[in-house]
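Here is the structure we will look at, set down as structure tokens.
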Amino acid sequence: MSDQGLHASVALMRERGLGPEAIRVFEHYYEQLQAGAQGTIPEESIEPLREVQTLREVRVSDEEARAALSKTAVIKLNGGLGTGMGMTGAKSALEVKDGLTFLDIIALQVLALREQWGVELPLVLMNSFRTSDESLKILSKYSDLPVEGLPLDFIQNAEPKLRPDDLMPVKWPDDPELEWCPPGHGDIYVSLVTSGVLDALLEKGIRYAFLSNSDNLGATCDPDVAAWMVERGLPYVAEVCKRTKSDRKGGHLAVRRCDGRIVLRDTAQVAEGDERHFRDVKRHNTFNANNVWIDLEVLRERMTAKEGVLGLPIIVNRKNVDPADPTSPEVIQMESAMGTAIEVFEGSEAILVPRTRFRPVKTTNDLLVIRSDFFSLDESYHVVAAVDGPEPFVDLDSAYRFVPGFEKRFPKGVPSMRDCTSLRVIGDPVFGRNVRCVGDVLIDGYRRVLDDAVLGELPAPTAEPVTTPRRDLRTVDEHLKVILSTLDPAPTESTPLTEALGLVVARDVRAKVNLPHFDNSSMDGYAVQAASLDGADDSPVRLRVVGEVAAGDDPSFSVGPGEAARIMTGARIPEGADAVIAVEDTDGSATGEVECRSSVSPGRYIRPLGEDVASGSVVVSAGEVVGPRTIALLAACGHAEVEVHRRPHVVVLSTGAELVEPGKPLRPGQIHDSNSSMLWAAAVGAGASAEIRSSVGDSDDELLEVLDDVVARADVVITSGGVSMGAYDVVKSALRGEGIDFVRVAMQPGKPQGFGLLTGPGGRRVPIFALPGNPVSSFVSFEVFVRPALRRLMRLTPEKRRLLPATLISGVESFAGRRQFGRAVVSRSAEGTLVAVPVAGQGSHFVADLARANALFVVPEEVTELVAGEVVDVLVLDKEA
Ligand code: AMP
Ligand code: MG
């Protein structure tokens, strides 16, 4: 690879007016990228962080606190655009609590601290070129805020996005600003220098800075941390919080083996194969809160010594050039993280702070909780919980994901959450005024929530009395209910017509054009003025042929009285003509004169503009399933794509040391893996896309490793085998610790079932079905649980197959207390009723009998025997009955 990309990038940066330090840093990272740097920190190179100071145990006198605060500035990272929440401007301009924006609250927090401690405490924002104006406008309300000799903000640097193949700066003429990105928040150290703010602060006697994200309102400038840092003479302090199971994906600090320095390992820096250690919350038991304290003098000294290049670890980010358009070309963004600077300063420390100092608003779920009465602002504008106990867990459906959709559905404010433990919303109801959530609330399919409604006072579905004393035994219906209530409909996306077959339309589609688009002929014939043919029924009339129009032509001539234009089916009617005479009623002359043997009424054989569809009218409504005819209509109306609920991608995985791929020879004790291909086909048959991940043996580690890899691309994972009571039941033993539930369901076959959510990249939740290994059990489990789940994801109704009554030809027996799904061949009798012949082999290992069957018959829990001639419910499978 040549240096062309580097030269081109640097030239662009100069042209944009970026300073030499910014360019040097860019060159530094570019060279690393060229050398193939991955920016990973292998597990073997680090040790977990131990023995961290706890903030609660720091003892500081008021005098020490005041002295430290008087030398401290608050710097907020404020370049975020909130694209993840569907915003386009500065995220911190969003109204977050009591009518105040993030920035209002930040300003008020700083003003309150100044007043309380009698200190100057400057506030400075690091903005991007896109957030500056809007943010300063909000701060302008606070006339006391600016501090003599200091700006209220400085602008962070920019760098070109690079093409992944040749590392040249990307070109994006549609929106050239999108060719640039900020170099990550690690750029703060460089920008502090290039903007002159570092010198200005030091000149004013400000020696320390507290750096944090503007979307984290818990990050207040705590005088105790400042005083502790001053007292201990620390160059750099990172705040960490106790890590719980749900924080497994955030970055954490660790000690580097080679030199004993503390380093930050972010999600993007995890080496392949280390995912398990990274997620292990016992091993790495704190996470990085991204609240940083830094000694500015040490920073200046380091920056001078290293000519502006701190040498923070590179983070190679792959994104789309237009982040809002996943089909736009992929680019590389070289970034660095603010928190990784910890390794640059000898003697850096971490401090363990309460969770309340880490309260970022990353999603509208976070926004709902913080806006609600679960929190209030105290007199210092700190966000404090109004009630004891854990924060409610909130999971809103995709319609609420972006701020505009969220605001539209909470027009009269968010519900009261003080007494709520969890709120899940499926569907997109609009909430009324004064709604209260109590306990666990699940809203599924409501159209709106009325004013003053109290939600969740009824027991949650899983809390219904279970018919047997065993806590882990569920009925089929209970298990299905648990599964379905956990699933959100798949996100919607604009999809090419040919890939949308079978998917559910997410948004009404309006015609872009009229159909027909113009008046055209429905016959091969002659376009005429109807009046020209008056009397032609009695004696033929001759018209002068003035031209010819084929389909696709745009005729420039017009047809007057006594004239005709030869015209083909689908061709545009020329000006002046108001009817068509079919060629059969003429002598068919192409030139000169045409003899016409019948009269026509005006409009005859003309398909008028807009007769079928008026431009702008709704042609396909949300909820419709895309079929061949829908596709035709959409295409005709000018649409190449349609917004649908995405097709879920299913990854199928079999477990068992005995399994061998079909086609390979068997050694003693081995069998061919038939479940993988069966479940693949069943998933595709249900409308999903699917892939088979080769089977894994019976080791926990291997399974977890494979799942780590699979979860990145799966929307649903299906495993088979390893869920019962055996010694090598790997799925159960490995996944129990990952929060997956293993239960016994009162059914036969298919009693042992596992279900839960895996966490994918970015916290994406991926449902996993751990089905039993016997082929028949696996199949029945798919039909009963997985198919309805896939249909729910795709928003297809009904979710369950319909049961039909059929007459049994021979008797069957069944266990008491279990719902039996037997296999049968169902056909129609001469009288037109359905008859069911149970297959001979009802054991769950009979693959041939399973293949022969075309239906499942269902024997209810309380029935133990059915005799020939009795009626049973059948669930007809893929073959015609
Ligand atoms: P398990 O649930 O792992 O105890 O497996 C139960 C039975 O199903 C055993 O006889 C396995 O050999 C068989 N089995 C498990 N997985 C598969 C598979 N993928 N294909 C065919 N048979 C399987
Ligand atoms: Mg097994």
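Note that ligands are numbered from 1 as they come in the structure, with each ligand's atoms numbered from 1 the same way.
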Flag Ser676 as yes when one of its N or O atoms lies below 3.5 Å from any N or O atom of ligand 1, and as no otherwise.
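Among all N and O atoms of Ser676, none is under 3.5 Å from an N or O of ligand 1.
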I want to know if ligand 1 touches Gly773 in the polar sense, i.e. an N/O pair below 3.5 angstrom.
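Yes; at least one N/O pair falls below 3.5 Å.
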Considering the heavy atoms of [X], write down every atom of ligand 1 situated less than 4.0 Å from one of them.
{"X": "His672", "answer": "20 (N), 21 (C)"}
{"X": "Asn774", "answer": "6 (C), 7 (C), 8 (O)"}
{"X": "Ser654", "answer": "19 (N)"}
{"X": "Asp673", "answer": "18 (C), 19 (N), 20 (N)"}
{"X": "Glu658", "answer": "11 (C), 12 (O), 15 (C)"}
{"X": "Ser724", "answer": "4 (O)"}
{"X": "Gly722", "answer": "1 (P), 2 (O), 3 (O)"}
{"X": "Ile671", "answer": "12 (O), 21 (C), 22 (N), 23 (C)"}

Would you please classify the geometry between the His479 ring and the Phe755 ring as parallel, tilted or perpendicular, with 30° and 60° separating the classes?
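Perpendicular.
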Do [X] side-chain atoms and [Y] backbone N/O form a donor-acceptor pair below 3.5 Å?
{"X": "Gln269", "Y": "Asp266", "answer": "yes"}
{"X": "Arg243", "Y": "His284", "answer": "yes"}
{"X": "Arg424", "Y": "Val394", "answer": "no"}

Is the closest heavy-atom distance from Met678 to ligand 1 below 4.0 Å?
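Met678 does not count as a contact of ligand 1 under the 4.0 Å cut-off.
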Whether Gly656 lies under 4.0 Å from ligand 1, heavy atom
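Distance cut 4.0 Å: Gly656 fails for ligand 1.
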Nearest heavy-atom neighbours spanning Gly869 and Thr807
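Smallest heavy-atom distance, with atoms named: O-CG2, 3.6 Å.
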Going by distance alone, is a donor N or O of one side chain under 3.5 Å from an acceptor N or O of the other, for [X] and [Y]?
{"X": "Ser781", "Y": "Gln753", "answer": "yes"}
{"X": "His649", "Y": "Ser689", "answer": "yes"}
{"X": "Glu641", "Y": "Thr495", "answer": "no"}

